[in-house]
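To keep things clear, I will list the structure first and then write my remarks on it.
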Amino acid sequence: GQLGGANFDGLLDCALRSGLLNAAAVRSLDGLRHLRNLARADGDLTPRRAQEFAVLAAAVSYSMRSQPGAGRGQGPA
């Protein structure tokens, strides 16, 4: 499909424009990506840092599933 070659930014932008994600969800997912990239570049990923990232990712996931419209355009921006 059209999104087969899209990068992460392109997918987030498409999801935002189509109303699948709201601005808050996009910012959260982009923040997780930046944390992941920092950890990857650091090369000294400790189990504690990995666990902290997993907790943040779970919190974003929970927020998107539990708040009405948070994953879509109706949620808080």
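Keep in mind the model is a prediction, meaning the values are calculated, not measured.
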Next on the checklist: Show the nearest heavy-atom pair for residues Ala50 and Leu45, with the distance to one decimal.
Outcome noted: N-CD1, 3.9 Å
Next on the checklist: One thing to verify: whether Asp44 and Arg49 come together as a salt bridge, which I'm taking to mean a side-chain N less than 4.0 angstrom from a carboxylate O.
Outcome noted: no
Checklist entry - Looking only at heavy atoms, which two atoms of Ala23 and Leu16 are closest? And how far apart? => result N-CD1, 3.6 Å
Checklist entry - Do Val60 and Leu38 belong to the same hydrophobic cluster, where Ile, Leu, Val, Met, Phe, Trp and Tyr are linked whenever their side-chain heavy atoms lie under 4.5 Å apart, directly or via other members? => result no
Next on the checklist: If hydrophobic clusters are built from ILVMFWY residues whose side chains come within less than 4.5 Å, do Phe53 and Phe8 share one?
Outcome noted: yes
Checklist entry - Can you tell me if Ser18 uses its side chain to pair, donor with acceptor, with the backbone of Cys14 under 3.5 Å? => result yes
Next on the checklist: I'd like to know if the side chain of Ser61 and the backbone of Ala57 have a donor-acceptor N/O pair within less than 3.5 Å.
Outcome noted: no
Checklist entry - Is there side-chain contact between Leu29 and Met64, with at least one heavy-atom pair below 4.5 Å? => result yes
Next on the checklist: Strictly below 4.0 Å, N to O, side chains only: are Arg33 and Asp30 in salt-bridge contact?
Outcome noted: yes
Checklist entry - Which value, rounded to the nearest 0.5 Å, describes the distance between Arg27 atom CZ and Leu32 atom CG? => result 13.0 Å
Next on the checklist: For a quick test of reading the model, state the closest non-hydrogen atom pair linking Leu21 to Ala25 and the distance between them.
Outcome noted: CD2-CB, 4.1 Å
